[in-house]
Amino acid sequence: MKHLKAFEDALTSIRDEGRYRVFVDLHRHRGRFPKATARFEDGEREITVWCSNDYLGMGQDDDVLTGMHEAIDSFGAGSGGTRNISGTTRFHVELENELADLHGKSGALLFTSGYVANDATLSTLGKILPGLIIYSDELNHASMIEGIRRSGADRRIFRHNDVEHLRALIENDDADRPKLIAFESVYSMDGDIGPIEAFCDLADEFNALTYLDEVHAVGMYGEEGAGVAQREGLMDRIDIIEGTLGKAFGVMGGYIAAHESVIDAIRSMASGFIFTTSTCPVMAAGALNSIRKLRGEEGRRLRVDHQAKAALLKEKFRKAGLPVMDSVTHIVPLLVGDPEKCKALSDTLLFDFGIYVQPINYPTVPRGTERLRFTPGPVHDEAMMDELVSAILAVWKQLGLEQAA
Ligand code: PMP
């Protein structure tokens, strides 16, 4: 093959930097999540999954699955086209109406993933607003960074959640230029939450638009699971809310919700929306059932249970002297602080104890803050947690990692 050496060299440097990724080959079984089987070289074994973003187990919910079966039986598999050319179905339209209503906006637009939603929307905003300056939190997700980069807008990166730094940057810029502040609610690697209200206040003061990624919060926070902005009564102060259907909603796809004119402009201009086959109707049907369920009583029950499970696991880690990071959400990161030991801890938990949690290393997190990121949920029971804590303690000692007194 031509240029093979370039590929091999790239792989060598990725390996040398400890960034080579090995995927665990999982088989999830309906009704048994978080138990799953994993395929290894020497055969299959049962494991417990501790790092899924199917936070509430909706990926195996009976109503979601029934909706998907019905859709596939009545409609078939793919949508057969882009949204413009025969790929808009009843399910797409209903789902967009549901999402707009969930977030209290006059419009919503569906994309094939949350990544595409961020990239396509942000990159298009620069074309709609000449002279745009985008202020971006330094820990924003790669999909936002990519969209902002491609927008052609001027970028200013502010320190994570730092309102004063953001203010200083905005004050330094021409007051007449259009501005947009882009940030997240729940940050997925630390489990902290952005100061949404303070950012909205700044946006009002400087006539800036607000763009909020609620990917790790939709389905999970707020009266109807619309996210942290709903919980904090701030939804109407966010101009563009972005979310995913692939995490708490348990299916796949991404979206934005905003004023109908914003939606109409993005729909007409964003190539990541226009030039791609639309989401499978079966996905849209599953997402619709999932959202409707999580907006109601069952959703509220799951959210309470979920928070309780996350609090219980944090408490168990603390009591065991394990360095659980300061998270205020359902994300429970355990600081290891060394890339090799982080990987070794994860490998030993998997191979010796059947516990699956992916190591999180640089560049996903800064060097020296390598961690394991646990996402306990309603599907995890206390016995699983006790098993987890004792397994971690055993390996923690083996690896010579420090423990709190
Ligand atoms: N935003 C954030 C903050 C994310 O963590 C992710 C994915 N992990 C995305 C956007 C992309 O969402 P999706 O997985 O639906 O592409």
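All ligand and atom numbering here is 1-based and tracks the order in the structure. No experiment lies behind these values; they were computed from the predicted model shown.
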**Study point:** Residue and atom name of the nearest protein heavy atom (relative to atom 15 (O) of ligand 1), distance in Å to one decimal
**Key:** Thr244 OG1, 2.6 Å
Check your understanding: Any idea which protein heavy atom is nearest atom 6 (C) of ligand 1, and the distance to it?
Key -> His141 NE2, 3.3 Å
Check your understanding: Between Trp50 and His380, what is the ring plane arrangement, given parallel below 30°, perpendicular above 60°, and tilted in between?
Key -> parallel
Check your understanding: What atoms of ligand 1 come closer than 4.0 angstrom to any heavy atom of Asn118?
Key -> 1 (N), 10 (C)
Point to revise | Which residue and heavy atom of the protein sit nearest atom 5 (O) of ligand 1, plus the separation | key: His216 NE2, 2.6 Å
Review point. What do the steps show when you test Ser290 against Leu245 for side-chain contact (heavy atoms from CB on, under 4.5 Å), and what is the final call?
Key: CA-CA 9 Å; Ser290 183; Leu245 304 170; over 6 Å; no
Practice item. Determine whether more than 12 heavy atoms belonging to other residues, nucleotides or ligands lie under 6.0 Å from atom CG of Asp42. Key: yes
**Study point:** Any side-chain donor near an acceptor of the partner, Arg371 and Thr369, under 3.5 Å
**Key:** yes
Review point. Tyr211 pairs by side chain to side chain donor-acceptor pair (under 3.5 Å) with which of Asn140, Asp239, Asn118?
Key: Asn118
Review point. Checking Arg83 side chain against Ile274 main chain: does a donor-acceptor pair fall under 3.5 Å?
Key: no
**Study point:** Residue Ser143 vicinity, atoms of ligand 1 by number, heavy atom under 4.0 Å
**Key:** 10 (C)
Exercise for review: Check the pair Phe206, Tyr135 against ring-ring contact (aromatic ring centres under 6.0 Å, His included), reporting the backbone distance first and the verdict last.
Suggested key: CA-CA 12 Å; Phe206 292 94; Tyr135 301 85; 8.8 Å; no
Check your understanding: What is the nearest protein non-hydrogen atom to atom 7 (C) of ligand 1, stated with its residue, atom name and distance?
Key -> Lys247 NZ, 3.2 Å
Point to revise | Which residue and heavy atom of the protein sit nearest atom 1 (N) of ligand 1, plus the separation | key: Asp213 OD2, 2.7 Å
Check your understanding: Quick one: does Glu242 get an N or O within less than 3.5 Å of an N or O on ligand 1?
Key -> no
**Study point:** Residues, nucleotides or ligands: over 12 heavy atoms within 6.0 Å of Arg45 CZ
**Key:** yes
Point to revise | Min N/O separation Val215 to ligand 1 under 3.5 Å | key: no
Check your understanding: What part of Leu245, side chain from CB on, backbone N/CA/C/O, both or neither, has a heavy atom under 4.0 Å from ligand 1?
Key -> neither
Exercise for review: May I ask you to check if ligand 1 and Asn53 share an N or O to N or O distance below 3.5 Å?
Suggested key: no
Review point. Which one holds for Glu184 and ligand 1: side chain close, backbone close, both close, or neither close, with close meaning a heavy atom under 4.0 Å?
Key: side chain
Revision key, fill the gap. Nearest non-hydrogen protein atom to atom 16 (O) of ligand 1, with distance, is Tyr115 N, 2.8 Å
Practice item. Identify the protein heavy atom lying closest to atom 13 (P) of ligand 1, giving its residue, its atom name and the separation to 0.1 Å. Key: Gly114 N, 3.4 Å
Point to revise | Positive for salt bridge (charged side-chain N to carboxylate O under 4.0 Å, His left out) with Asp173, one of Lys179, Arg167, Arg156, Arg155 | key: Arg156
